[in-house]
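In what follows, chains are A, B, ... by sequence order, proteins preceding strands, each numbered from 1. Since the model is a prediction, treat every value here as computed from it, not as a measurement.
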Amino acid sequence: MSDSTQAGESIVDSDRIGEVGIHTVEPGKVDVSHKTILYLEDVTVSFDGFKALNKLSLYIDDGELRCIIGPNGAGKTTMMDVVTGKTRPDSGSVFFGQTMDLTEMDEYEIARAGIGRKFQKPTVLPEHTVFENLELAMHTDKRVWTSLFSRLSGEQRDRIDGVLDTIGLRDQARRAAGLLSHGQKQWLEIGMLLMQGPRVMLVDEPVAGMTHQEMDRTAELLTSLAGERSVIVVEHDMEFVRSIASKVTVLHEGSVLAEGTMDEVQNNKKVIEVYLGE
Amino acid sequence: MRYIWTALFLLFIGSAGADEPSATNPALDAAALAPLASDDFDEKGRAIDAIAATGDAHVLPILRSLLDGQLFQRKDDDRFVIAAESDAGYDITDALTSENLGSVGKRDLRKLGLNNSLRSQLETVLARLSLTSPDTSIRLAAVNNMLKNPTEDTTAAIRAALANEKDSAVADAMRTVIAMSDLGGGDPVVRLAAIDILRDSLSPDVKNRLSALLEKTSDGTFTEPDENIRGAAERAVAHIESKVSLYGFAENVFFGLSLGSVLLLSAIGLAITFGVMGVINMAHGELMMLGAYTTYVIQLLMPNHIDASLFVAVPAAFLVAGLVGIAIERGVIRYLYGRPLETLLATFGISLILQQAVRSIFSPLNRSVSTPEWMSGSWQINEIFSLTYNRLYIVLFALIVFVGLLLLLKKTRLGLQVRAVSQNRSMARTMGVRSNWVDALTFGLGSGIAGVAGVALSQLTNVGPNLGQSYIIDSFMVVVFGGVGNLWGTFVGAMSLGVVNKFLEPFSGAVLAKILVLVFLILFIQKRPRGLFPQKGRAVEG
Amino acid sequence: MNSLAFIRSDRGGHIFLGLLAAVTLVVPVLSLMVPETSALHLSSYTVTLVGKYLCFALLALALDLVWGYCGILSLGHGAFFALGGYAMGMYLMRQIGDRGVYGNPELPDFMVFLNWKELPWYWFGFDHFWFAMVMVVVVPGLLAFAFGWFAFRSRVTGVYLSIITQALTFALMLAFFRNEMGFGGNNGLTDFKDILGFNLQSDATRATIFVLSALALGLGYIACRYIVSSKLGRVVTAIRDAESRTRFIGYQVDNYKLWIFTFSAMLAGIAGALYVPQVGIINPGEFSPLNSIELVVWVAVGGRATLYGAVLGAFTVNYAKTYFTAALPDVWLFALGALFVIVTMFLPRGLIGLLERIKVRRGAPQLAERKS
């Protein structure tokens, strides 16, 4: 335990000192000896007095598929911002595995450590082709100098082609991503997430703008991904949540209101009151 | 001693004669002046006393010019004249009637000789006469003059005059002179009391005199043997020095605030266009330049009413710059919303066009804008501390503009709409705000204020085509430093940068101070990109 | 994919490099070999003028790299150009030796004039050509690195960054105007005699510097082209288009910006160093914010994010400037100002974009399509 703590810290430090000497962290190095991969404890975030997160505590197990639901303003997106380093919590702790303190890491460090994110509004690189989007997202050495001289290996090409097949955009590979339809962008972003090969995937409203068939495919994909990695899905579409979730967490006013299976949650009085009962 | 009695006599008639001319006064006429031309210095001395005794209004100028070597006798008719050197020779006026006698050559005048004893006699007489002058400023000047070189005689005259002195400033100055004289006396009690009075004076002469008490001679002993006196003098010098440095500090703060006001004026329009609307207007400086040129044109139109010109120029400049601003917004900027870098470049292009337009219309050279009478001069608070009126008015003007703008944004319907559009454009639109119209007016407002700032700048700096360029970077730095979208931030930013700049100047020189402030700002913005008073909330996180 | 693909796929680049090669060969020949009486002879004035344009084109290339590809609108790139120029100027100053007005073998004239007794420490080494050449890239590079290190780490972006880069060059201008700085104050560095022993006034030297400038531009172009077609280039454009997205897929955005900014500053420094011996003077005016922003319009006119576009823009605008300032001096600022407005409002992709649009209309759509 103490050994790995030092390793975790030294990674952070050397990254802060400068470009030279960064060693990327293999996702396999995350210490999940206690089965839990993501810890949020007593996390509070406030904007101008408004508490977006209020002593939120949340634990995600390694390989788990978790759905997070809650009304607007419940703090779902802020929670993701905190995990990915976009927003720093005012108090509380956020750990990745046993050892990595996410509140001390930059966005890119968190991403390299193995936490990937799909945004609510699909954000792809509009001027790059679909292929290039996936290439850039691919888990590989992402330092400046290696990028300058890097060439795609055959194996990497195959991986990209594989993901292109998975997301059904093979025939669009040479198109600029900005020209894709909304649904296609959603898929591309999921594809980018796959290329990153993260240990934890944060997926914000993945099926918005998708057809029913696409929704089913997404559900299938997400369930198949869980197991080897943890998947956290924030979604409004209850049907979709029901179709994929083993465990559901309900957020309300910045803290956890209820947790359990979809049925348990749906029968929870407090939940009915604030959310489902509307 | 003779002089003292004369003085007392003069005082008596002086105070009485101011009300009703006394019949006993010997007349001041050519006969009375005639002995001044005599070769006998004793006779001249008596004549001086006699002239002084007449109490005539012309006595002071006659004796003053005699002392200054400007009193002559015209060779033609032996008339006594006061001469002032001019290009043509000497412009002369009759000493007794002040009648202008035209100008003459040097050869036409006979000089009136003086020796040292006459000079000192004249000085004393003049001092006494001045002390009884009904004009407070003459009395004060006379007293302060005596402070430089107090003699037993003048001190005695002052002691006498003090009793009748009504004006407290003159009386204080008189006490200081008396104390200076007392300090040279032998009685330690009197001397200590004198030091006690002197410690409140700010005159450099007093400080030098007191410091002299603390000096050591070459053999290491103090020039002043009395330890008590030395102690008191030392405390008094320290007291004076702390007061001097306090006033020095106050002066720096004032200079800083006036510079800050200029920054505030030039930045506050930008705080509207950049801060509230998010539009980068690189032509902001040129809008100020337009305001300055408007002042110039207004003064051309009303050359006889320079004093009033600024009151016309302020609204005129607001209109001119505001209309040009609206034209810029409607013509260019509205097509570029949401593309700040493009806006920056396009408005920079406009700034070049405006500069060249001014160059072509007026001239590439600087134009001179006159300063109204009421803005020149300064407010003398004490001997070492004065505030110039133009700086004072600029500070005041900046405050008025700032408060006016605050009220406009807080209290009026336009202000409400501006704030609504700046916070959420589409929401404001659905609620019936005509956002296009509000954009144009807001931009016009910011530009108009730039024009008003230009009027103020025309009073401080050269009005030329490059006027705007020199302020644009400073203005942006102030807005960013204060925190974009926050008028109070702009206020605090401008004032603190102004003060910091002025406090750096004595150590580093003006240019280096400016460089240091720029470097500080560059570093500051990197440390706190959202400025001193950042806008908070979820919206800015994204 | 082979290692030269980056240049092979670049059709506009072929045209540009071809033209550049032609100019590099033809100009010295016309200047040195064709007799002066011939109509084809190029005067040394023309050679210097085109040489100047070559330096400006290299500077435009440097700016295009950071602005067009990385979205960093630097309004202070003129500062890096000027610093490179000063480094070269200091070497040329030391070369004057005792041929100055005061004949002091150690001190440049302006220092003698200011009653300085010895050379300031930062002038040491500039009597060596190699040292000066190292400084030409190191000084702008270091400044850019230090500035970028702070700015990019604090996430200063967009117009904020533009404004502080402008403040940077403004502060440098004020500083270099000061006599105490030891760079000749107001007058700058001038009255150069020779470079590496060759007389700067001779046609042969001028032609050589001309060829060197053309070479620098060609190599600079190839280097930039290599960068923008590498993965690094794709990351950099990703940063331009979606900075936070790029961060969330694991790129340390600050570092990418920092290196591209520093490299660009070094290119600008080289451009400045080649510029100074051709015009024979470097003064603080080169730091003027106006110069830096004018440079932005070159790139915008040519077409940002196309490297040859930047070169085209530099040539077009500067030729126009030369023409106007001689023929219609009053019109120049109007024209330049209008250029800013027109390009930003109607020609967002500059002349190159215009050409491509015309070609597309004529039925050559393959040019408009993206190359992978």
Side-chain angles (χ1 to χ4, degrees), chain B residues 274 278-280 282-283 328 331-333 335-336 339-357 359-360 364 465-466 469-470 472-477 479-480 484 509-519 521-531 542, chain C residues 67 71-73 75-76 147-178 180-181 244 288-290 293-294 296-297 299-300 304 329-346 348:
Chain B
F274 180 41
V279 170
I280 307 292
M282 294 297 278
I328 294 175
V332 176
I333 290 173
Y335 302 106
L336 299 172
R339 291 157 65 194
L341 294 180
E342 272 81 356
T343 317
L344 188 156
L345 294 177
T347 50
F348 184 78
I350 294 170
S351 82
L352 293 182
I353 294 174
L354 288 176
Q355 271 177 40
Q356 186 58 42
R359 253 185 221 120
S360 302
N466 296 329
Q469 278 187 333
S470 30
I472 185 75
I473 292 181
D474 288 345
S475 317
F476 269 113
M477 295 309 257
V479 175
V480 175
V484 170
V511 178
L512 199 56
K514 199 170 161 66
I515 295 172
L516 289 175
V517 168
L518 275 178
V519 171
L521 282 174
I522 291 173
L523 293 177
F524 177 86
I525 290 170
Q526 304 194 332
K527 193 75 203 153
R528 295 190 61 174
R530 296 193 187 284
Chain C
W67 181 36
I72 304 169
L73 176 53
L75 296 182
F147 182 82
W149 202 84
F150 284 114
F152 300 138
R153 236 148 252 261
S154 333
R155 311 245 168 117
V156 181
T157 52
V159 288
Y160 290 84
L161 192 81
S162 304
I163 291 167
I164 60 171
T165 50
Q166 192 175 33
L168 175 76
T169 191
F170 186 60
L172 280 169
M173 178 176 77
L174 292 179
F176 273 75
F177 265 123
R178 287 162 50 87
E180 297 85 338
M181 278 286 283
S244 82
S288 145
L290 182 64
I293 201 164
E294 212 178 292
V296 172
V297 97
V299 178
R304 68 191 96 142
D330 281 353
V331 181
W332 169 240
L333 275 191
F334 283 128
L336 185 63
L339 209 52
F340 272 99
V341 178
I342 292 166
V343 167
T344 46
M345 290 183 70
F346 305 112

- Query: Between C/Phe340 and C/Ile293, which heavy-atom pair has the shortest distance, and what is it?
  - Reply: CZ-O, 3.5 Å
- Query: Contact part of B/Leu344 toward chain C, heavy-atom cut-off under 4.5 Å: side chain, backbone, both or neither?
  - Reply: side chain
- Query: Taking C-beta and beyond as the side chain, do C/Phe170 and B/Ile472 meet within less than 4.5 Å on heavy atoms?
  - Reply: no
- Task: Could I get the full list of side-chain contact (heavy atoms from CB on, under 4.5 Å) partners for C/Phe177, not counting sequence neighbours?
- Result: C/Met173, C/Asn186, C/Pro284
- Between B/Arg339 and chain C, which part of the residue has a heavy atom less than 4.5 Å away: side chain, backbone, both or neither? side chain
- Task: Among the options C/Gln166, C/Arg178, C/Arg155, pick out the one with the most heavy-atom pairs lying under 4.5 Å from chain B.
- Result: C/Arg178
- Any salt bridge between B/Arg359 and C/Asp330, counting N to O under 4.0 Å? no
- Task: Under 4.5 Å heavy-atom distance to chain B, tell me which part of C/Leu161 shows up: side chain, backbone, both or neither.
- Result: neither
- Flag side-chain contact, heavy atom, 4.5 Å: C/Val156 against C/Ile164: yes
- Let me know if C/Tyr160 has heavy atoms under 4.5 Å from chain B in its side chain, its backbone, both or neither. side chain
- Message: I want to check something: taking the side chain as every heavy atom from C-beta on, are C/Phe147 and C/Thr165 in contact at a cut-off of under 4.5 Å?
- Response: yes
- Can you name the side-chain contact (heavy atoms from CB on, under 4.5 Å) partners of B/Val332, sequence neighbours left out? B/Leu336, B/Ala346, B/Ile350, C/Val341, C/Met345
- Task: Check each atom of C/Trp67 against the heavy atoms of chain B and say whether the ones under 4.5 Å are side chain, backbone, both or neither.
- Result: side chain
- Side chain, backbone, both or neither of B/Ile525 within contact of chain C (heavy atoms, under 4.5 Å): both
- Query: Given that the side chain runs from C-beta out, which part of B/Leu352 has a heavy atom under 4.5 Å from chain C: side chain, backbone, both or neither?
  - Reply: both
- Between C/Val296 and chain B, which part of the residue has a heavy atom less than 4.5 Å away: side chain, backbone, both or neither? side chain
- Message: At a heavy-atom distance under 4.5 Å, which candidate from B/Thr347, B/Leu512, B/Val480 has the highest pair count against chain C?
- Response: B/Leu512
